[in-house]
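Chain A is the first sequence line, chain B the second, and so forth, proteins listed ahead of strands; every chain is numbered from 1. In what follows, every heavy atom counts, from backbone to side chain, and hydrogens, waters and symmetry copies are set aside.
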Amino acid sequence: MTMQRDWENFNISQFNQDLIRWFYKYKRDLPWRQTKNPYYIWVSEVMLQQTQVDTVIPYYQRFITKFPTPQDLASADEEAVLKIWEGLGYYSRARNLQQGVREVVENYQGRVPDNKNDILSIKGIGPYTAGAVLSIAYDRPEPAVDGNVMRVLSRVFLIDDDIAKQKTRRLFEEIIYRIIPESDPSAFNQGLMEIGALICKPKQAKCEQCPLAAHCGAYEEGVQTEYPVKKKKTPPKPLHFAVLVLKNQSGEYLIRKRPEKGLLAKLWEFPMIPLESPETSIEESVRDYIEKNYSAPVKINDVNINIQHTFTHLKWHLSLFAGSIEQRISAEKDEQWASLGQLEKFPFPVSHQKIVDKIKQGLIS
DNA sequence: AAAGCGGGGTC
DNA sequence: GACCCAGCTTT
């Protein structure tokens, strides 16, 4: 079943007043709340996808300082954009944001569209981000349904559909279209999200402080902890690699650029050698790999450093090997020799940033 | 409709 | 550990 409440005993105008007054009284002072510039709102919303506010703040500041206008971002090198994004995760967001901004510069004279059709057609802008930009930057009464909003409204309306499904997001959008006020849709949407972040939390909802308690079906029945309903995800699949920290006689390290699609696309890494399983002879695999790829004498030693890194769907187990090469072999395409100082110019995923740190600490070689 | 896609915070 | 986070794109 979907909604277990009817509209007859739901007071829309009172709900909106309670929500919006609370928002103006208790909202956090966040950098992207000091502007209505649609481009800045857009940047902040993309960074905030699946990412918490405190994590985003310094990235946002650096980003708009480096790319203050859509034109600045459109004309930037992709690698410079990825470097700013380094460590934030979901790197396709950065590549799609730049592509989207290029569309805006090309097709809309650098002005972010203020209508749903056009803005939804832009790369990287989906239903949530479209609604957020339209409501916050342009005061349009459009829903912006994120995880916070689904949690809050699933409790208010006792909705037990699986929020992991696309269809459920559309159900919440339908509800919001019936409630959202013409007068201040920005405060309405942000208020729902702010309550989700500060009050209506996943584990410990602070219902006694909630301005919506008087409107909330879950609070009335004391079943807050049972909402929202969400299907469990499958655990991450383990993958094992040997990682080669290969240094030449000039003291440079071999790094390579990852493929342009898939996991950590276009980021840089130390060469990774896939292992069939943790039981396979790692040293042998490393030797085979080096013989095949470098055709030059290489000394290898196991430095007994292991790094684990968990993604949403994968768990990497990395075993580090240090190598020194007698003569300078030429770097292949998408490979590069870089000194320790130069490594800082390249965007690395966090798992390989950890390796750079180990090198700096003198723990490898 | 389901899977792929990061990294960090919280309990 | 498990769960969550101002989700979107691809398959």
Legend entry - Distance, C1' atom - from B:dG6 to C:dC3, rounded to whole angstrom: 16 Å
Inset, instruction - Summarise how protein sits on nucleotides 3-11 of chain B as a single string, 5' to 3': B when a protein heavy atom is under 4.0 Å from the base, S for sugar-phosphate-only contact, - for no contact. - result: -SBBBBS--
Inset, instruction - Whole angstrom is fine here: how far is it from NZ in A:Lys230 over to C1' in C:dA2? - result: 12 Å
Legend entry - Separation of C:dA6 P from A:Leu48 CG (nearest whole Å): 8 Å
Inset, instruction - Using the test salt bridge (Lys or Arg N to Asp or Glu O under 4.0 Å), find all partners of A:Glu78 that sit at least two apart in sequence or belong to another chain. - result: A:Lys266
Legend entry - OP1 or OP2 of C:dC8 under 4.0 Å from side-chain N/O of A:Asn96: no
Legend entry - Distance, rounded to the nearest Å, where A:Ile57 contributes CD1 and C:dA6 contributes P: 12 Å
Inset, instruction - Please check if any side-chain donor atom of A:Asp18 sits under 3.5 Å from a side-chain acceptor atom of A:Gln14, or the reverse. - result: yes
Inset, instruction - Mind checking ring-ring contact (aromatic ring centres under 6.0 Å, His included) for A:Phe15 and listing every partner two or more places apart, or none if nothing turns up? - result: A:Phe10, A:His215
Inset, instruction - Provide, to the nearest angstrom, the distance between the CD atom belonging to A:Glu194 and the P atom belonging to C:dA6. - result: 10 Å
Inset, instruction - Decide if the gap between the ring center of A:Tyr60 and the ring center of A:Trp32 is smaller than 6.0 angstrom. - result: yes
Legend entry - Residues which pass ring-ring contact (aromatic ring centres under 6.0 Å, His included) with A:His309, listed by chain and number, not counting sequence neighbours: A:Phe311
Legend entry - Interatomic distance, A:Leu97 CG vs C:dG7 P [rounded to whole Å]: 15 Å
Inset, instruction - Using whole Å, report how far CD1 of A:Ile119 lies from P of C:dC8. - result: 11 Å
Inset, instruction - Identify whether any heavy atom of A:Val56 sits under 4.0 Å from a base atom; if not, whether one sits that close to sugar-phosphate; answer base, sugar-phosphate or nothing. - result: nothing
Legend entry - A:Arg111 to A:Tyr108 six-membered ring, cation-pi geometry met (6.0 Å, 45°): no
Inset, instruction - Please figure out whether A:Gly126 or A:Pro228 has its closest DNA chain C nucleotide nearer the 5' end. - result: A:Pro228
Legend entry - Salt bridge flag under 4.0 Å for residues A:Glu283 and A:Arg287: yes
Inset, instruction - Find the distance A:Ile125:CD1 to C:dA6:C1' and express it as a whole number of Å. - result: 14 Å
Inset, instruction - Determine the Euclidean distance between corresponding P atoms of B:dT10 and C:dA6; express it in Å to zero decimal places. - result: 12 Å
Legend entry - side-chain N/O A:Lys232 vs C:dC3 OP1/OP2, d < 4.0 Å: yes
Inset, instruction - Would you tell me whether A:Arg33 and A:Gln190 have side-chain atoms, one donor and one acceptor, within less than 3.5 Å of each other? - result: yes
Inset, instruction - Mind jotting down which residue pairs meet the salt bridge (Lys or Arg N to Asp or Glu O under 4.0 Å) criterion with at least one end in residues 137-146 of chain A? Sequence neighbours excluded, please. - result: A:Lys36-A:Asp139, A:Asp114-A:Arg140, A:Lys116-A:Glu142
Inset, instruction - Compare the minimum distances between each of C:dT9, B:dA1, C:dG7 and the side chain of A:Lys123, then state the nucleotide with the smallest one. - result: C:dT9
Legend entry - Interface with DNA chain C, restricted to residues 28-44 of chain A and to heavy atoms under 4.0 Å: A:Arg28, A:Leu30, A:Trp32, A:Arg33
